[in-house]
There are 2 protein chains.
Amino acid sequence: MGVMQIPRRVDYALRAAIYLSHQDPERSCSLAEIARHQGVPRKFLEKIIQNLIRGGLVKSKRGPDGGYALARSPGEISFQNVIEALEGPIAVNVCMSQHLSCDHLPRCTMLGVWNEIQRKVVDVFARTTLADLQRSPCQALASSSSLSSAA
Amino acid sequence: MGVMQIPRRVDYALRAAIYLSHQDPERSCSLAEIARHQGVPRKFLEKIIQNLIRGGLVKSKRGPDGGYALARSPGEISFQNVIEALEGPIAVNVCMSQHLSCDHLPRCTMLGVWNEIQRKVVDVFARTTLADLQRSPCQALASSSSLSSAA
DNA sequence: TTCAAACCAGACTGTTTAGGTCTGGTTTAA
DNA sequence: TTAAACCAGACCTAAACAGTCTGGTTTGAA
Ligand code: SF4
Ligand code: SF4
């Protein structure tokens, strides 16, 4: 259940990034601290954060009292940055990727639809930064009208 | 590669539905015919079409010269109808589903973002019907600017 | 210098999903 | 009666998902 659903690891990565965006950027937050506050399995989160480090979004400090901090300001880190650090480029269908392709593509009539979805999704992820979430601990609950009803 | 990517079976289902939308609704198209024209594995497509039938989107005729046809007019069949016939309700994250939930939800600050994605995605799928694809065999190729760049 | 607290790297595991295929029906027009 | 078609569900292989485990390396402090 849940087509086109974001993997848990991305959700976890975003939770971690959001947590760090609330902390003093000079301070290093330990893995245990982040995992505890955000309710994410500790070792799993550790692996996920490595991706954020390789993506240049998070910097780490080793040794006692070490930990993690954002590598740049929250306003400079978008959802897209976080997602692509883990998953690589977003492609809502195989034909929306440079790498993959589709032999049915030449005569395909629904390319425009996927293109529209792709554009809208990437646009939101690119536009939204960690700084945009600083406020409002629980917003947008009323718009459940957008939830699609069962088949 | 390809986060939030639509499964092949959905793409196949849409191809089949689109093919049927181009045919005389009185005529039954055999599985072999659809599979051949749309380049979809025959037996796999058969299983997929059963979902469309159960979803009330396609009707079948058995026996020799049997086959499939749309159960209603192309303008009355949306992408959402097809997708949900196969996959059930669309939910871009676990918290966007009635069934699933998330214990982190109460203090979550990114609900609004997922809600926006959910709304936009479902809106396109709900708005787009098979009738909207009757024309333009190859549109929207120029808008590759929406393709997200690598991590 | 030694220790331990932290991060780092990658192998490993169990479960589910994806993408099909295969077997054996049932229906029905000729 | 036959065979062309659909129908139902078991089956299969590979990959993805969600984690865990083991064993490092770094580094501040006692
Ligand atoms: S059939 Fe069309 S929409 Fe589907 S993957 Fe191929 S090109 Fe893209
Ligand atoms: S953490 Fe927030 S966004 Fe992620 S699943 Fe839970 S409620 Fe949804």
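Every chain is numbered from 1 and lettered A, B, ... according to where its sequence line falls, protein lines coming before strand lines.
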Considering only residues two or more places apart or on different chains, which pairs with a residue in residues 105-128 of chain A satisfy ring-ring contact (aromatic ring centres under 6.0 Å, His included)? A/W114-B/F125, A/F125-B/W114
Could you pull out the closest heavy-atom pair between B/P89 and B/E84, with the gap in Å?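 Smallest interatomic distance, heavy atoms only, reads CA-OE2, 3.5 Å.
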Under the ring-ring contact (aromatic ring centres under 6.0 Å, His included) rule, collect the residues that match up with B/Y12, sequence neighbours excluded. B/F44
Closer to the 5' end of DNA chain D via nearest nucleotide, is it A/K43 or A/R9?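 Mapping each residue to its closest nucleotide by heavy atoms, the 5'-most match is A/R9.
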Closest-nucleotide 5' rank along DNA chain D - winner of A/L45 and A/K61: A/L45
Please list, by residue number, the residues of residues 29-39 of chain B whose heavy atoms come closer than 4.0 Å to an atom of DNA chain D; answer none if no residue qualifies.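 DNA chain D contact set from residues 29-39 of chain B: B/C29, B/S30, B/L31.
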Paired stretches of DNA chain C - 3 or more consecutive Watson-Crick or G-U pairs, each distance under 3.5 Å: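 For DNA chain C the paired stretches long enough to count as stems (3 pairs minimum) are C:1-30 with D:1-30.
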Going by modelled atom types, is there a donor-acceptor pair between the base of D/dG9 and the side chain of B/K47 at under 3.5 Å?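 In this structure, the two groups form no donor-acceptor pair.
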Tell me whether the OP1 or OP2 atom of D/dA18 has a side-chain N or O from A/Y12 closer than 4.0 Å. no
Just the atom pairs and distances: protein N or O near nucleotides 13-15 of chain D's N or O, under 3.5 Å.
none

Given that A/I53 and B/P64 both sit by DNA chain C, which one's nearest nucleotide is further toward the 5' end? A/I53
Span of DNA chain C engaged by chain B, first through last nucleotide within the 4.0 Å heavy-atom cut-off, is C/dA18 to C/dA29
Check every strand shown and say whether A/G66 touches a base, only sugar-phosphate, or nothing at a heavy-atom separation below 4.0 Å. sugar-phosphate
